[in-house]
Amino acid sequence: MDLKPECAKCSKVVCDSKHFLKGPSNCPTKTKSEVIRQAMAEYDKPEVREFARQASIQEFECYMNLPEGRTPRNPRVEEIAQFAKKMGYKKIGIASCIGLRVEAKILATILENRGFDVVSICCKVGAIPKETIGITKEQKIKGPGSFESMCNPITQAEILNNEEVEFNILVGLCVGHDSLFFKYAKAPTTVLIAKDRVFGHNPAAALYLSGSYYRKLLRKE
Ligand code: SF4
């Protein structure tokens, strides 16, 4: 029997209750006990434990228990600023897409108004031609004869590493470019904006519409 974990398809979801051992047969809470044990050992590192603890406190503080019921209260940008303050960070890096420079500027202002020292790096930093990584003239967005700088997430990460920022915030990096940034950045990184060119940077909208206007997303290939 295939015990591959499929939490995304679980119909029991008992892992947030005292009945946590009553999940399906492929429940990783039951089948992956050794991996869980090893992973939990990481939290014994004081810096990791403190990061995890503050993140959970931040999560807790994002709700209010009102007479009419529990309600959320913090937009993500507020959450990020509050978390950075909890962690005692002074210097914050922003790695942004050139197409979201307006948003990056607003974010920098919000953070500076709260006393953070902000370093921001645009994805086109270095102005390295796309041909350098094997992009053909037909694959250039502005057309075959144009000069087009490559998105340069490794350089973004390395400059922020060089500036010794304590925390990074991603603003709209492309799919894959964001992955490279995560791989090379030394400081922990969070995402403020996940780029979605169609849905105004709300990628979940495509999932919400997959039962109607975006049914094509569920096609079998
Ligand atoms: S951990 Fe177990 S109970 Fe929780 S969602 Fe995954 S399979 Fe379901």
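In listed order, ligands and their atoms are each counted from 1. Keep in mind it's a predicted model, so treat the numbers as computed, not measured.
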Notebook entry, point to check: What are the atoms of ligand 1, with element, lying closer than 4.0 Å to any heavy atom of Cys27?
Noted result: 1 (S), 2 (Fe), 3 (S), 7 (S)
Item checked: Atom indices of ligand 1, in the order listed, that fall short of 4.0 Å to a heavy atom of Thr29 -> 1 (S)
Margin query: Between Gln139 (side chain only) and Thr136 (backbone N and O only), is there a donor and an acceptor less than 3.5 Å apart?
Written below: yes
Margin query: Using a 6.0 Å cut-off, check whether atom NZ of Lys32 has over 12 heavy atoms from anything other than its own residue.
Written below: no
Next item on the list: Could you tell me whether any N, O or S atom belonging to Cys10 is less than 2.8 Å from atom 4 (Fe) of ligand 1?
Entry: no
Notebook entry, point to check: Is the centre of the Phe199 ring less than 6.0 Å from the centre of the Tyr214 ring?
Noted result: yes
Margin query: Would you say that more than 12 heavy atoms from the other residues, nucleotides or ligands in this model lie under 6.0 Å from the CG of Asn162, or not?
Written below: yes
Check: How far is atom 4 (Fe) of ligand 1 from its nearest protein heavy atom, and which residue and atom name does that atom have?
Finding: Cys15 SG, 2.4 Å
Checklist line | Subset of ligand 1 atoms that lie under 4.0 Å from at least one heavy atom of Val14 | finding: 3 (S)
Item checked: Of Phe51, Phe116, Phe60, the residue whose pairing with Phe83 passes ring-ring contact (aromatic ring centres under 6.0 Å, His included) -> Phe51
Next item on the list: Have a look at ligand 1 and work out which part of Pro5, if any, has a heavy atom under 4.0 Å from it: side chain, backbone, both or neither.
Entry: neither
Note to self: Taking 2.8 Å as the cut-off, does Cys7 contribute an N, O or S atom near atom 6 (Fe) of ligand 1, distance below it?
What the structure shows: yes
Notebook entry, point to check: Think Lys142 forms a cation-pi with Phe147, using NZ or CZ under 6.0 Å from the six-ring centre and within 45 degrees of its axis?
Noted result: no
